[in-house]
Amino acid sequence: MEIFSEIYSCYYRVLRHLLSSQNPLTIKDIYNRICQEGFEESLLSIIPKLENGTWNLFKKEGQLYLSKLSPFFTTPLTDLEKSYLKALLSDPRIGLFLEPTQSEALNDMLAHVPPLWQQEQFCCYDRFADGDPYGDETYRRNFRLLLAAQKNRLYADIDYNSPKGNRVHHYYVPIRLEYSLKNDKFRVLALEHHHQKRRKLEILNIDRITNVQLTEKTLSPSVDINSIIRNSYYKEPLKLRIINKRNALERAMLHFANYEKNTVKIDENTYECLIYYNQNMQTELLIEVMSFGPMLTVIGNERFLESLKGRLKKQRVLYHLP
Amino acid sequence: MSDFQELIKSFSNIREYVRDFFVYGFKTRSDFKHKSPRTYDNQRRRLESWLAPYVRKDYVSGGFNLSLAIDSNLLDTNPLFQVWKTKSFTDNDIQLHFFILDFLQDGKARTAEEITDRLLTDYEVLFDIQTVRRKCNSYAKEGLLHKQKSGKTVVFSLDNTLMQWLKSNENINDALAFYQMAGNLGIIANELLEQLDVQNQIFRVKHSFFVHTLEDEILFALLQAMHRQTAVKLEVKSSKREIKNIVHCIPLQIFTSTRSGRRFLCAYLNGSRRFSCFRLDTVKNVFLLEEAENYQKLLASLERNRPYLWGVSFQSEERHHLERLTMTIWALEPTENYIVERLKREGRGGTITRTARNTYQYEIEVFDCNEMLPWIRTFIGRILSLECTAKSVERRFYKDLQTMYQIYGIEDPADKQHK
């Protein structure tokens, strides 16, 4: 079993799509498909092979290319893929997706396949201890309804207990379901229903949701979630100076790999890193920066710098308390 | 550049380049001193081609920096999965792939001779029988085909039942869309999604380190060794030095950090008779060796040690068996009770005691308290005292704090009063 195999290659995928076409293709159709699905330079490799017949996969009729394959061509699963699916069946979150009958059916089809891993072979040592209750029936029901709402762009009537203890009741349309590996929690990124033009993205923890009812109202205009998120970022990013001591550079680069960042070398041992973030991320980012101690120096923006200084001032005062 | 090929033969050669280009994102051509300029140029061109939508070029003195603009908040998939889809192949490989699988779609079993004949008559392509047999055997090994022997005859067939089931159950597509970014070996879920022609438009994943996928081949080999309970020989290259070391060990478990972005193999070293952890990104090769007879005993022993592991270190600098750390913090009741919740949630089994109004003591015994410092620092602004049996940990914490006060110009309140 190989993960790095041509069976899964980009070229095979592009060709499968081209060969599944029921209609004759012009070279322009082929060009377009390769441009859409291939790598940037794939055209240069694939087109000559098809044109000169080295890859004799099409019948040529004049200027048209006809697939030699049947329209029902399907690639079966490899052992690696079967083994992967078998391992998923033991994941505590799989019950959010599959009904017990579906899990059972899949398990039966994979009866003789060993799982690619066992849950106990992995240990996530710094994951938070209060992960979501994936086995809880209400949680599962709410999750599935939110999933259905997201896929069908439906507004849902949601009852929610906010972290401050307030009960909130609103109509939201879920735009994405977000999972945090660190928190082991799902959240809904949702738009609240109101008549103002500008809509704000709300983040709701699914385990704080007490009830979900789907409505028949759909979100009509398409929403570009990435523009909403991007627009929420502060104009001035966090600016860090990293002195490469105690392997700080590599640690910081990995630690902040999740954020959109830009790093520049200033001199032999000094680097500057810009990190883009929004208000929702600020506390978490501040905590992450503090965890590095003096290995990172915050040099901007002012807002972030003031928050960090505030914590240090409080600390210095506490140290002098009797 | 006439011999430039977009696809590659070996993943391990490209692995370090991707990591260097895109995790660091500030290396220019002159930083790759140990590679030839031509190799650098070809690898850079490949990466730009594979990952075009995510590549950012910043011009700096001495060349330009290439970096990958990855913001996990904005992505529906892991861009680095593309690197797995770049394996080169021969002209025969691709033709045989489609023709053999297409011919066997009806599920009937055929010999290599029959398949060869029909490739000629049905598809007008001529292959010799050995080439067809070799491909059928290779696909049987990968699980794409089923190989059966009846008497002296070997026949090959194809079973699409599972793929049809996946196509007809939307729920499993949703699950795969989720697990490709949130689970182990997500590249396989991503490949399945591509076969099903499904794209994730539902999930976003936070705190997932996209760069982990570059270690998946190593992880896969280690999981096989764990499954067979064998010892392994590892080729390990330190992240700081260029030297490769050979390590013989028994792989027991994969340790993952959701904060630092690192994954480790926890293994038992027979030579020194102790547990040790190796970062997966430093492991360059894995060779499976003989079965480890004491495998279950070692697993049980690791389980007994686990409560005393904060991270991945089994021994402190001071070489005591166990160290005790006590931290007292200030949390205003009831508005700041979330701080106490943080201690419970993130404290990995440490005890929490309310010692006075607004005052809480957190206490834990672990092998190496030095590993706790990054977490301890996240409570800066609330720490009333920190004590540790490993005095070097205490010293480092307070010294670092003093350095931070200096960097940010935080004056001592006692000095202020004197002024």
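Keep in mind the model is a prediction, meaning the values are calculated, not measured. Protein chains get the first letters and strands the later ones, always in sequence-line order, with residue 1 at the start of each.
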Next on the checklist: With rounding to the nearest 0.5 angstrom, report the OG to CD distance, A:Ser45 to B:Glu6.
Outcome noted: 5.5 Å
Checklist outcome for this item: So, the part of B:Phe103 with a heavy atom under 4.5 Å from chain A: the answer is neither
Item to check | Main-chain N/O of B:Asp91 paired to B:Gln95 side chain as donor or acceptor, under 3.5 Å | outcome: yes
Item to check | Centroid-centroid under 6.0 Å between A:Tyr233 and A:Tyr276 rings | outcome: no
Checklist entry - Given side chains that start at C-beta, do those of A:Gln102 and B:Asn171 come closer than 4.5 Å, heavy atoms only? => result yes
Checklist entry - So what's closer than 4.5 Å to chain A heavy atoms on B:Leu158: side chain, backbone, both or neither? => result side chain
Checklist entry - Quick one: what part of B:Glu303 sits under 4.5 Å from any heavy atom of chain A, side chain, backbone, both or neither? => result neither
Item to check | Cation-pi, A:Phe73 ring and A:Arg16 (6.0 angstrom, 45 degrees) | outcome: no
Next on the checklist: Quick one, A:Asn183 and B:His207 - any side-chain contact, counting heavy atoms below 4.5 Å?
Outcome noted: yes
Checklist entry - So which part of A:Glu284 gets closer than 4.5 Å to some heavy atom of chain B, the side chain, the backbone, both or neither? => result side chain
Item to check | Polar side chain donor-acceptor pair, B:His97 to B:Tyr139, under 3.5 angstrom | outcome: yes
Checklist entry - Should A:Arg176 and B:Asp76 count as an ion pair when the cut-off is N to O under 4.0 Å? => result yes
Checklist entry - Any idea which of A:Arg251, A:Glu99, A:Glu288, A:Arg187 has the most non-hydrogen atom pairs under 4.5 angstrom with chain B? => result A:Arg251
Next on the checklist: Which atoms of B:Leu309 are under 4.5 Å from chain A, going by heavy atoms: the side chain, the backbone, both sets, or neither?
Outcome noted: neither
Item to check | Region of A:Met1 that comes under 4.5 Å of a non-hydrogen atom in chain B | outcome: both
Item to check | Part of B:Arg263 within contact of chain A (heavy atom distance under 4.5 Å) | outcome: neither
Item to check | Contacting moiety of B:Leu7, where chain A heavy atoms sit under 4.5 Å | outcome: side chain
Checklist entry - So what's closer than 4.5 Å to chain B heavy atoms on A:Ile228: side chain, backbone, both or neither? => result neither
Next on the checklist: Out of A:Arg144, A:Lys314, A:Glu178, return the one with the most heavy atom pairs under 4.5 angstrom to chain B.
Outcome noted: A:Glu178
Checklist entry - Relative to chain A, which segment of B:Leu166 carries a heavy atom at a distance below 4.5 Å: side chain, backbone, both, or neither? => result side chain
Checklist outcome for this item: Heaviest contributor of heavy-atom pairs below 4.5 Å to chain B, chosen from A:Met281, A:Gln118, A:Arg311, A:Gln150, is A:Gln150
Checklist entry - With ring centroids as reference points, do A:Trp117 and A:Tyr84 lie under 6.0 angstrom apart? => result yes
Checklist entry - chain A heavy atoms under 4.5 Å from B:Arg306: which part of the residue, side chain, backbone, both or neither? => result side chain
Item to check | Heavy-atom contact with chain B under 4.5 Å, split by part of A:Val298 | outcome: both
Item to check | Which portion of B:Phe178 sits near chain A, non-hydrogen atoms under 4.5 angstrom | outcome: side chain
Checklist entry - Where does B:Lys399 contact chain A at under 4.5 Å (heavy atoms): side chain, backbone, both or neither? => result neither
Checklist entry - Side chain, backbone, both or neither: which part of A:Pro174 has an atom under 4.5 Å from a heavy atom of chain B? => result neither
Next on the checklist: Which atoms of A:Phe292 are under 4.5 Å from chain B, going by heavy atoms: the side chain, the backbone, both sets, or neither?
Outcome noted: backbone
Next on the checklist: In the structure I gave you, are the side-chain heavy atoms of A:Leu318 and B:Ile383 within less than 4.5 Å of one another anywhere?
Outcome noted: no
Next on the checklist: With no hydrogens and no angle check, just 3.5 Å: does a side-chain donor-acceptor pair link A:Glu250 and A:Asn247?
Outcome noted: yes
Item to check | Centroid-centroid under 6.0 Å between A:Tyr277 and A:Tyr259 rings | outcome: no
Checklist entry - Checking B:Phe11 against chain A: side chain, backbone, both or neither under 4.5 Å from a heavy atom? => result both
Next on the checklist: Is B:Leu74 close to chain A through its backbone or its side chain, or both, or neither, when contacts mean heavy atoms under 4.5 Å?
Outcome noted: both
Checklist entry - chain A heavy atoms under 4.5 Å from B:Ile202: which part of the residue, side chain, backbone, both or neither? => result both
Checklist entry - Using a cut-off of under 4.5 Å for heavy-atom pairs, which of A:Leu44, A:Leu106, A:Leu15, A:Leu286 has the most such pairs with chain B? => result A:Leu106
Next on the checklist: Between A:Ile3 and chain B, with a heavy-atom cut-off of 4.5 Å, which part of the residue counts as in contact: side chain, backbone, both or neither?
Outcome noted: both
Item to check | Side chain / backbone / both / neither for A:Leu96 at chain B, heavy atoms under 4.5 Å | outcome: neither
Checklist outcome for this item: Okay, A:Lys151 and chain B: the region with an atom under 4.5 Å from a heavy atom over there is side chain
Next on the checklist: Quick check for you: among A:Ile225, A:Ile229, A:Asp91, A:Ile175, which has the greatest number of heavy-atom pairs under 4.5 Å with chain B?
Outcome noted: A:Asp91
Next on the checklist: So for A:Lys182, is it side chain, backbone, both, or neither that comes closer than 4.5 Å to the heavy atoms of chain B?
Outcome noted: both
Next on the checklist: At a heavy-atom distance under 4.5 Å, which candidate from A:Leu308, A:Thr54, A:Leu77, A:Thr78 has the highest pair count against chain B?
Outcome noted: A:Leu77
Checklist outcome for this item: Honestly, the part of B:Trp84 sitting under 4.5 Å from a heavy atom of chain A is both
Next on the checklist: Looking only at the side chains, is there a donor atom on one of B:Glu124 and A:Asn56 sitting less than 3.5 Å from an acceptor on the other?
Outcome noted: no
